[in-house]
Amino acid sequence: MPFMSLDPLDLYDRRSLLSEEERLVQDNVARFVDREVLPIIGECFAAQRFPNELVPRLAELGLFGATLAEHGCAGLNYVSYGLICEELERGDSSLRSFVSVQSSLVMGCLDAFGSDDQKARWLPVLARGTALGCFALTESHGGSDAASMRTNAVRRGGDWLLNGSKHWITNGALADVAIVWAVADGRPGAFLVEKNTPGFGARTISDKLSLRASNTAELSLSDVRIPDANRVAGADGLKAALRCLDQARFGIAWGALGAARACFATALEFTRNRELFGRTLSGTQLIQARLAEAARVLTTGQLLALRLGRLKDRGEATPAQVSLAKWNNVRAALTIARDCRDMLGAAGITTDHPPMRHMLNLESVVTYEGTEAIHQLVVGRELTGENAF
């Protein structure tokens, strides 16, 4: 096969391994990103503004709760959902994070653990994007140690009284409903807290150097009274929260590849057209070696993600496999983004080109939904049978 017939962004022709429906899903989301996201996302990043105007289009494309089969959701397989995440993050991590929280953490939690009434009330409006949700687990003092949460829920007659705070909550100030995790009767559990409930507040965290186009908030709960019907009864214990996080980590393992592709494509184009010392940058050994290294780690991540997706569609993916993919692919994407930014020279530090924007975003993605250390320990536990947490 002649070299030029290979796609530099898909050297092992992963696309040929996709079904016709999977390719259609990817192409539809890719067109949306090209036409509606890329023209505005640099400005949004600079202005620390989430592009709310894109929410109706995300819903129209069926991207909210895409793997769910009822309540107006698309019923796609997990590989299709992974491709959705990859294309959205090719635009920006903030957009993939938004859809990931709405889909995997909020709608996924309700689908797995909610009552029939909770599903009937919330899933259709969340799917249509007429209501937005957030998943409030993290606390400022706890980080990866979710079991140390201090937010608590105490029974008061037929109601619950919630007190505490949550930090670094994606979509927090946009959400119409928050799934708030709190200790109740000695065990972590989930509660639905609606916007404008007395005692419930959301403060947008500003001056971020990463995920600037994402809405990130601190939530406060002071004697927030909610009915018992708002308790997500099936979400009993921390394992339920971790199951939701595994769904989100799956999407991240794919999404990071989109950021990597965007950076790699930019570097390929830039080095082909940039001339120094009488030759193009792409004609030098140093640049070719760096581009080849980017292709190596990108291709490895692409094949890893596809294999994980096939396992998940068969119901066979394990938490350790998800952790390995999240850890590997985000680290690979961050490495690619950093080196591509460098290959662009001074041009790489502006929002005119995406590598530094993606690089800054990935500094958060490599940390949230489990740091590298946490995923190393998850894999280590699988390898040894011993829990080192």
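One-based numbering along the sequence shown. Treat the numbers as computed from the prediction; the structure is a model and nothing was measured.
- Using a 4.5 Å heavy-atom threshold, the side chains of Leu95 and Leu58 count as touching.
- Between Phe200 and the options Leu219, Leu162, Asp223, a side chain to side chain contact (heavy atoms under 4.5 Å, CB included) holds for only Leu219.
- The residues Lys119 and Glu70 are annotated as not salt-bridged, no charged nitrogen and carboxylate oxygen being separated by less than 4.0 angstrom.
- Under the 4.5 Å side-chain criterion, counting only non-hydrogen atoms from C-beta, Leu161 is in contact with Arg156.
- Atom CZ of Arg279 has 12 or fewer heavy atoms from other residues, nucleotides or ligands within 6.0 Å.
- Ion pairing between a basic and an acidic side chain is recognised when a charged N comes within 4.0 Å of a carboxylate O; Arg331 and Glu372 show such pairing.
- Within the 3.5 Å criterion, the main-chain N or O of Gly65 finds a donor-acceptor partner in the side chain of Ser103.
- Considering every non-hydrogen atom in both Ala213 and Ile41, the closest pair reads CB-CD1, 4.2 Å.
- Listed for the Gln102 side chain is a donor-acceptor partner under 3.5 Å among the backbone atoms of Leu126.
- Two residues are said to be in side-chain contact when any heavy atoms from C-beta on lie closer than 4.5 Å; Val366 and Thr371 fail this criterion.
- A side-chain N or O of Glu139 and one of Thr151 form a donor-acceptor pair less than 3.5 Å apart.
- Side-chain atoms of Asp117 and Ser115 form no donor-acceptor pair, as typed in the model, at a separation below 3.5 Å.
- Judged as a side chain to side chain donor-acceptor pair (under 3.5 Å), and not counting sequence neighbours, Thr170 has no contacts.
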Candidate pair Leu281 and Met343, rule side chain to side chain contact (heavy atoms under 4.5 Å, CB included), full reasoning: CA-CA 9 Å; Leu281 284 178; Met343 282 188 272; over 6 Å; no
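- Residues Cys85 and Arg96 approach most closely at O-CG, 3.4 Å, considering heavy atoms.
- Annotation: the span from Thr284 atom OG1 to Leu291 atom CG amounts to 8.5 Å, rounded to 0.5 Å.
- When every heavy atom of Arg23 is checked against every heavy atom of Leu18, the shortest pair comes out as NH1-O, 2.5 Å.
- Judged by distance alone, with hydrogens and angles left aside, the side-chain atoms of Thr197 form no donor-acceptor pair with the main-chain N or O of Val193 at under 3.5 Å.
- Between atom CG of residue Asn361 and atom CE of residue Met356 there is a gap of 11.5 Å, rounded to the nearest 0.5 Å.
- When the side chains of ILVMFWY residues are joined at heavy-atom separations under 4.5 Å, either directly or via intervening members, Phe50 and Phe64 end up in a single hydrophobic cluster.
- Salt bridge status for Arg338 with Glu363: present, with a side-chain N to carboxylate O gap under 4.0 Å.
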Under the criterion side chain to side chain contact (heavy atoms under 4.5 Å, CB included), I'd like the reasoning laid out for Met149 against Leu137: C-alpha separation, chi angles, the key distance, then a yes or no. CA-CA 8 Å; Met149 74 176 70; Leu137 176 65; 3.7 Å; yes
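- With rounding to the nearest 0.5 angstrom, the CG atom of Asn163 is 7.5 Å from the CG atom of Leu221.
- Salt bridge status for Glu293 with Arg296: present, with a side-chain N to carboxylate O gap under 4.0 Å.
- No donor-acceptor pair under 3.5 Å is formed between the side chain of Ser323 and the backbone N or O of Val378.
- Here the closest heavy-atom approach between residue Pro8 and residue Leu268 is recorded as CB-CD1, 3.8 Å.
- Taking every heavy atom of both residues into account, Ala253 and Ala305 meet most closely at O-CB, 4.5 Å.
- A distance-only check finds no donor-acceptor pair linking the side chain of Gln26 to the backbone of Ile84 [under 3.5 Å].
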Full working for ring-ring contact (aromatic ring centres under 6.0 Å, His included) between Tyr81 and Trp254: CA-CA 9 Å; Tyr81 176 62; Trp254 284 80; 9.3 Å; no
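- The backbone N or O of Cys134 lies less than 3.5 Å from no partner atom in the side chain of Asn171, so there is not a single donor-acceptor pair.
- Put simply, the side chain of Asn77 reaches to within 4.5 Å of the side chain of Glu22, judged on heavy atoms.
- Counting only distance, with no hydrogens or angles, the side chain of Glu369 and the backbone of Asp246 share no donor-acceptor pair below 3.5 Å.
- Counting only heavy atoms from C-beta outward, the side chains of Ile179 and Trp122 never approach each other to under 4.5 Å.
- Side chain of Asp313 to backbone of Tyr78: a donor-acceptor contact under 3.5 angstrom is found.
- Remark: Asp34 engages Arg90 in a salt bridge, criterion side-chain N to carboxylate O under 4.0 Å.
- Annotation: the span from Arg290 atom CZ to Gln285 atom CD amounts to 14.0 Å, rounded to 0.5 Å.
- Listed for the Asn230 side chain is a donor-acceptor partner under 3.5 Å among the backbone atoms of Leu192.
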Where do Ile205 and His167 land on the side chain to side chain contact (heavy atoms under 4.5 Å, CB included) test, with the steps shown first? CA-CA 9 Å; Ile205 299 171; His167 211 63; 4.0 Å; yes
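- When side chains are defined from C-beta on, Arg274 does not count as touching Thr280, because their heavy atoms never get closer than 4.5 Å.
- A ring-ring contact (aromatic ring centres under 6.0 Å, His included) with Phe135 is found for one member of Trp181, Phe191, Tyr368 and no other, namely Trp181.
- Going from atom CG of Asn387 over to atom CD of Glu382 covers 11.5 Å, rounded to the nearest 0.5 Å.
- Two different hydrophobic clusters hold Val79 and Leu68 under the rule that ILVMFWY side chains link at heavy-atom gaps under 4.5 Å.
- The two atoms that bring Val106 and Gly133 nearest to each other are CG2-C, 3.6 Å, heavy atoms only.
- Atoms CG and CD1, from Leu362 and Ile336 in turn, are 9.5 Å apart once rounded to the nearest 0.5 Å.
- Ion pair Glu194/Arg121 flagged as a salt bridge, since at least one NZ, NE, NH1 or NH2 atom sits closer than 4.0 Å to an Asp/Glu carboxylate oxygen.
- For Thr138 and Lys166, the side-chain atoms include no donor-acceptor pair closer than 3.5 Å.
- Salt bridge annotation for Arg310-Glu316: absent, with no cationic side-chain nitrogen under 4.0 angstrom from a carboxylate oxygen.
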Show the numbers, then the answer: is there a side chain to side chain contact (heavy atoms under 4.5 Å, CB included) between Ile226 and Asp159? CA-CA 6 Å; Ile226 60 171; Asp159 297 334; over 6 Å; no
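- With a 4.5 Å cut-off on side-chain heavy atoms, Gln302 and Leu11 do not count as touching.
- A salt bridge between Glu86 and Arg14 is present, with a side-chain N of the basic residue lying under 4.0 Å from a carboxylate O of the acidic one.
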Evaluate Ser210 against Ser364 for side-chain hydrogen bond (donor to acceptor under 3.5 Å, both in side chains), listing each step before the verdict. CA-CA 6 Å; Ser210 178; Ser364 290; 2.7 Å; yes
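- Considering only heavy atoms from C-beta on, Leu344 comes within 4.5 Å of Pro355 through its side chain.
- Cation-pi geometry between Lys312 and Phe250 is met: the NZ or CZ atom falls under 6.0 Å from the ring centre, inside 45° of the normal.
- Ionic pairing of Asp10 and Arg261 is not present here: no N-O contact between side-chain nitrogen and carboxylate oxygen is shorter than 4.0 angstrom.
- A donor-acceptor pair under 3.5 Å is absent between the side-chain atoms of Ser214 and the main chain of Leu211, judged by distance alone.
- Asp7 has no carboxylate O lying under 4.0 Å from a charged side-chain N of Arg15, or vice versa, which leaves the two without a salt bridge.
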